[in-house]
K.L.:
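Below is the structure I would like to discuss, written out as structure tokens.
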Amino acid sequence: MKPEYNFKQTEQKWQEIWEKEKINQAVDFGTKPKFYGLIEFPYPSGSGLHVGHLRAFTSIEIVARKRRLEGYNVLFPIGFDAFGLPTENFAMQTGKHPRLVTDDNIATFTAQLKAFGYSFDYSRTVDTTDKNYYKWTQWIFIQLFKKGLAYKSKAYVNYCEKCKVILANEESQGGVCDRCGSEVVQKEKDVWFLKIRDYAEKLLDGLNDVDYLPRIKLEQINWIGKSEGAEIDFSVGGGAVKGSKLKIFTTRPDTLFGVTFMVIAPEHPFIAENAKSIKNMDEIERYRIETKKKNEFERIRVNKDKTGVMINGVCAVNPVNGCEIPIFIADYVTLDYGTGAVMAVPAHDTRDYEFAKKFGLPIVEVIAGGDIEREAFTDIANGILINSDFLNGLAVKEAGHKITEYLAKKGLGTRRINYNMKDWAFNRQRYWGEPIPIVYCPKCGTRHVPENQLPLELPPLESYRQTESGESPLANVAEFVNCKCPECGGDAKRETDTMPQWAGSSWYFLRYIDPRNEQALADLKKLSYFGPVDWYNGGMEHVTRHLIYSRFWNHFLYDIGAVPFKEPYVKRTAQGLVLGENGVKMSKSLGNVVSPDSLIKDYGADVLRLYIMFMGDYESPVPWSNASINGCRRFIDRLYNLLDITDKCEGYSEKHTGLINRLIKKVSEDIEAMKFNTAIAAMMSFINEIYADNYITKGELKAFLLLLYPFIPHMTEEINELLGYKVILSKSSYPKYDAAKLIDDEIELPVQINGRLKGTVKISKDAGLQAVKDAVLSDPILAAALGSNAVKKEIYVPKKIINFII
RNA sequence: GCCGAGGUGGCGGAAUGGCAGACGCAAAGGACUUAAAAUCCUUCGGGGGCAACUCCGUACCGGUUCGAGUCCGGUCCCCGGCACCA
């Protein structure tokens with residue numbers, strides 16, 4: 001008789017055994033092949049683990065456990081991305097130091113993760129707020145600074161007045177603050193930028209060498225936004241400063257003969273340079289003020305009416321035909337893309353077309369094939385050049401090459417590539433972040449903190465509020481701000497801003513490989529052994545931020561020789577969102593958040609792990625359903641009860657051989673393809689068939705346990721022990737299937753007549769056509785359906801189907 | 001507007017061009033029980049028929065094929081990303 005199953009005791013028992021046996025620990029320079037599986041480390045919030053975390057973590061947890069059984073030296077680490085606003089806000093409200101808040105939250109998270117039986121290597125845990133960790137985050141910043149990839153510049157930034165913090169474009173999408181949801185305004189500020197744009201081409205190229213989900217690659221390509229074209233100089237006529245030029249960027253140099261006006265961004269320096277010649281400065285100034293009032297979001301809103309002001313007193317000259325054209329300022333051209341100036345070709349660009357119509361400007365057709373009375377003709381695949389002098393008769397693409405060559409020869413323009421991606425705004429006016437290791441010396445200028453003085457530690461604070469002017473709380477700490485210049489030793493001041501939350505997460509996967517190294521961010525030999533990450537899973541929401549940033553840093557670290565591989569992640573997948581029971585995104589305000597704490601008390605870790613993987617297609621969003629968990633609980637009960645019908649035979653029974661071989665193949669392949677739901681469904685079917693036969697051999701059960709082990713490790717270990725096996729599953733080998741035994745000798749073949757299903761016949765798996773026909777004719781119903789009609793054609797696909805055409 | 005992924009029972013979802021709805025949930029009926037829970041058995045896309053059966057059915061219209069949820073052309077609708085990007 002088997003003992004009653006107490007999930008609470010049993011799960012704890014096995015968690016202790018695994019810890020004692022160190023089954024989760026990766027071995028530096030182990031002799032087995034290595035596998036590095038990674039999940040996005042969590043932000044340790046005060047509310048604890050979320051069911052979304054479970055979905056994100058359990059997939060790689062399953063893969064990691066499977067890989068260990070397959071004989072790999074598995075690195076499956078965990079850590080905490082612990083700098084950030086919520087902790088700082090909590091500290092502000094309660095007066096409790098963020099360090100203590102963070103420690104508490106990490107302790108809570110760790111206990112929860114362990115309760116789920118996740119096989120993380122806890123001996124390698126990293127915490128981005130640990131000074132021994134952020135020392136290296138600062139070190140990386142200094143390397144970027146030394147290479148000229150970190151620079152300070154005045155810029156209009158996205159600023160949240162409520163949070164009093166500069167936001168990156170990624171944190172203010174849609175013109176709304178990522179954190180508090182209030183509207184973002186434009187503010188001129190000193191901003192530290194990282195030149196991620198310099199790495200745009202490497203980031204694009206690198207995508208050819210990695211195995212990311214296609215939609216992930218596409219989002220990154222889209223985000224980087226490469227476009228090829230030309231920069232062309234237009235000389236300026238009228239009263240403009242002599243020799244003054246306007247440089248434009250265009251992807252359509254072929255349309256140069258169709259240019260009828262020019263548009264520059266309202267902030268374009270050309271206006272100040274030519275202020276004396278401009279006759280309607282007042283009007284222009286009014287428009288500029290108007291534009292500045294609008295935030296970025298309003299300004300780029302599509303389908304908005306075109307507005308603008310013509311600049312009186314100056315004009316531009318088309319370099320190929322000498323035509324003088326008017327220059328406008330308009331807010332549909334922005335200073336931060338291309339050159340902040342465009343040549344307008346209304347006949348072949350929808351925006352220019354709208355603008356020309358509104359301002360009554362001429363429209364010159366230079367590509368035949370459209371109806372420019374009605375709309376701009378933008379089809380570049382089928383157009384032929386007209387009204388374009390030496391380009392006439394050419395296709396768009398050829399014309400583009402020819403004109404670019406021509407301009408280059410005459411010194412009027414060059415081939416040029418532009419990227420949509422902006423440089424990364426890298427400072428925040430916050431306390432709970434990595435201090436930027438920079439010193440301002442009145443004599444020597446901007447200098448970095450010497451590397452041997454790292455870490456530059458966060459000083460203790462009395463208040464976490466920003467200064468009245470919105471400066472970082474660190475600006476209030478005289479002992480921190482005032483320092484000596486590392487170069488001349490004179491009085492100097494420190495940078496008081498801190499790094500954004502994305503900093504620490506941009507290299508954490510490297511630190512896991514060598515988490516306690518004091519000489520380097522990680523040892524090169526260890527990096528070569530464990531790196532790069534073989535499989536990284538996380539959320540789609542991080543594809544254009546964290547994933548791009550960390551690839552950028554890794555490429556940079558590779559370039560300076562600190563890391564031995566270019567691309568940090570060999571493979572990247574993403575889980576779908578877990579929605580609330582009502583089918584909408586979980587949020588506190590909607591009250592549809594599901595907390596794992598009470599669930600684990602009611603059902604145990606195994607049931608929840610199983611359900612979270614069974615609930616739907618892994619990559620799609622799926623609503624949570626409390627009721628559906630019952631199905632997984634019943635499955636687990638039925639699994640345990642198999643002990644009652646298990647015989648002593650160590651092999652497979654004849655009847656179950658095909659069944660178990662098929663199951664091994666199915667489950668193993670489904671895990672690799674992240675089709676966890678169908679893997680579990682197949683195991684449920686298996687158990688249903690076993691109960692129908694009312695017996696299972698010990699050997700069959702053992703194989704079944706090994707297949708289930710990555711999903712529900714606790715109960716499977718327990719059953720394995722009850723069966724009398726001395727070796728724990730965690731130290732066993734993954735079962736293999738025999739390809740010759742996948743198909744049973746006798747199969748049911750569907751029979752169609754004129755493409756309609758009429759029934760099935762039982763035949764041998766390699767039956768010939770005649771044998772199948774005999775079987776069909778000996779079945780009275782099928783024979784009757786076939787009747788005396790002449791069979792015109794038979795389509796027989798062995799093992800699949802037979803179709804009679806009559 | 002551009003790019004991408006989808007649309008299948010009451011619900012979550014399965015189906016290398018080959019038995020649509022696997023697996024699970026919910027629901028209904030039955031067994032066990034003094035009773036309930038748990039468990040087990042049965043039914044479970046729609047219409048018609050006493051029945052054996054039969055017709056319809058994977059957003060919509062059309063096509064290819066012996067055979068289409070799956071492939072092709074068009075339409076509609078949802079979701080995700082990018083967006084006056086020159």
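Owing to the predicted nature of the structure, the values given are computational and were not obtained by experimental measurement. Reminder, nothing fancy here: chain letters follow the sequence lines and each chain counts from 1. The figures that follow rest on heavy atoms only: side chains count, while hydrogens, waters and symmetry mates do not.
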K.L.:
With rounding to whole Å, what would you report as the distance between B:G17 and B:C66 at their C1' atoms?
P.N.:
12 Å
K.L.:
ring-ring contact (aromatic ring centres under 6.0 Å, His included) with A:Phe635: which residues, sequence neighbours excluded?
P.N.:
none
K.L.:
What is the distance, rounded to the nearest whole Å, between atom OH of A:Tyr212 and atom C1' of B:A5?
P.N.:
21 Å
K.L.:
Under the criterion side chain to side chain contact (heavy atoms under 4.5 Å, CB included), which of A:Leu547, A:Leu203, A:Thr544 is the partner of A:Gln220?
P.N.:
A:Leu547
K.L.:
Where the side chain of A:Ala681 is concerned, which of B:G13, B:C66, B:C23 is the nearest nucleotide?
P.N.:
B:C23
K.L.:
Between B:A68 and B:U58, how far is it from one C1' atom to the other, in whole Å?
P.N.:
11 Å
K.L.:
Does any part of the side chain of A:Leu608, heavy atoms only, come nearer than 4.5 Å to the side chain of A:Thr58, both counted from C-beta?
P.N.:
no
K.L.:
Using a heavy-atom cut-off of under 4.0 Å over every strand shown, decide if A:Val622 touches base, sugar-phosphate, or nothing.
P.N.:
sugar-phosphate
K.L.:
Mind telling me if B:G9 is syn or anti? Syn here is a glycosidic angle within 90° of 0.
P.N.:
syn
K.L.:
Contact class for A:Asn803 (heavy atom, under 4.0 Å): base, sugar-phosphate, or nothing?
P.N.:
base
K.L.:
Using the rule given for salt bridge (charged side-chain N to carboxylate O under 4.0 Å, His left out), can you reason through A:Arg662 versus A:Asp744, listing the C-alpha separation, both sets of side-chain angles and the distance that settles it, and then say yes or no?
P.N.:
CA-CA 10 Å; A:Arg662 280 195 295 276; A:Asp744 289 333; 3.5 Å; yes
K.L.:
With C1' as the reference atom in both, quote the distance from B:C40 to B:A20 in angstrom, rounded to an integer.
P.N.:
29 Å
K.L.:
Touch check for A:Phe614, heavy atoms < 4.0 angstrom, all strands: base, sugar-phosphate only, or nothing?
P.N.:
base
K.L.:
Can you tell me the distance, in whole Å, between the OH atom of A:Tyr611 and the P atom of B:G24?
P.N.:
15 Å
K.L.:
Any sub-3.5 Å donor-acceptor pair from A:Tyr691's side-chain atoms to A:Arg638's backbone N or O?
P.N.:
yes
K.L.:
Let me have RNA chain B in dot-bracket notation, would you? Count Watson-Crick plus G-U wobble pairs, both distances under 3.5 Å, and use [ ] for pairs crossing earlier ones and | for inter-strand partners.
P.N.:
((((.((..(((.....[....))).(((((.......))))).((((....))))..(((((..]....))))))).))))....
K.L.:
Is it the case that B:G18 (base atoms only) and A:Gln752 (side chain only) share a donor and an acceptor within less than 3.5 Å, ignoring hydrogens and angles?
P.N.:
yes
K.L.:
Would you indicate what A:Asn418 reaches in the nucleic acid, counting non-hydrogen atoms under 4.0 angstrom: base, sugar-phosphate, or nothing?
P.N.:
nothing
K.L.:
Rounding to an integer number of angstrom, what distance separates B:A26 and B:G12 when you compare their C1' atoms?
P.N.:
11 Å
K.L.:
Across the strands shown, which category fits A:Pro214 at heavy-atom distances under 4.0 angstrom: base, sugar-phosphate, nothing?
P.N.:
nothing
K.L.:
As a test of reading the structure: which of B:C85, B:C66, B:C84 is closest to the side chain of A:Lys793, going by heavy atoms?
P.N.:
B:C66
K.L.:
Tell me whether the OP1 or OP2 atom of B:A86 has a side-chain N or O from A:Ser227 closer than 4.0 Å.
P.N.:
yes
K.L.:
Mind checking A:Lys675 for me? I need base, sugar-phosphate or nothing, with any heavy atom below 4.0 Å counting as a touch.
P.N.:
sugar-phosphate
K.L.:
If the P atom of B:U16 is compared with that of B:U70, how far apart are they to the nearest Å?
P.N.:
13 Å
K.L.:
Just the rounded figure in Å: distance from C1' of B:G81 to CG of A:Asn222.
P.N.:
7 Å
K.L.:
With salt bridge (charged side-chain N to carboxylate O under 4.0 Å, His left out) as the criterion, how do A:Glu669 and A:Lys675 come out once you've worked through the C-alpha distance, each side chain's angles and the decisive distance to 0.1 Å?
P.N.:
CA-CA 8 Å; A:Glu669 290 176 357; A:Lys675 294 170 78 172; over 6 Å; no
K.L.:
Can A:Glu375 and A:Lys357 be said to form a salt bridge (charged side-chain N to carboxylate O under 4.0 Å, His left out), step by step?
P.N.:
CA-CA 10 Å; A:Glu375 59 181 3; A:Lys357 281 281 175 195; over 6 Å; no
K.L.:
Please give, in whole Å, the distance from B:C23 C1' to A:Phe686 CZ?
P.N.:
15 Å
K.L.:
Check for me whether the distance between the ring centres of A:Tyr611 and A:Tyr603 falls short of 6.0 Å.
P.N.:
no
K.L.:
Looking only at atom C1', what distance separates B:C60 and B:U8, rounded to whole Å?
P.N.:
15 Å
K.L.:
Say you pick atom P in B:G9 and the same atom in B:G57; how far apart are they, in whole Å?
P.N.:
14 Å
K.L.:
Could you walk me through whether A:Phe261 and A:Phe359 pass the ring-ring contact (aromatic ring centres under 6.0 Å, His included) check?
P.N.:
CA-CA 11 Å; A:Phe261 59 101; A:Phe359 287 85; 8.4 Å; no
K.L.:
Look at all strands and tell whether A:Leu218 reaches a base, only sugar-phosphate, or nothing, counting heavy atoms closer than 4.0 Å.
P.N.:
sugar-phosphate
K.L.:
Just call it for A:Thr250: base, sugar-phosphate, or nothing, with non-hydrogen atoms closer than 4.0 Å on any strand.
P.N.:
sugar-phosphate
K.L.:
C1' atom, B:U39 versus B:U33: distance in rounded Å?
P.N.:
12 Å
K.L.:
Quick one: the side chain of A:Lys792 and the base of B:C66, do they pair up donor-acceptor inside 3.5 Å?
P.N.:
no
K.L.:
How does protein contact run along nucleotides 38-55 of chain B, one letter per nucleotide 5' to 3', with B for base contact, S for sugar-phosphate only, - for none, heavy atoms under 4.0 Å?
P.N.:
SSS------------SS-
K.L.:
Describe the nucleic acid contact of A:Asn420 in one word from base, sugar-phosphate, nothing, applying a heavy-atom distance below 4.0 Å.
P.N.:
base
K.L.:
Can you measure A:Arg215 atom CZ to B:C82 atom P for me and round it to whole angstrom units?
P.N.:
14 Å
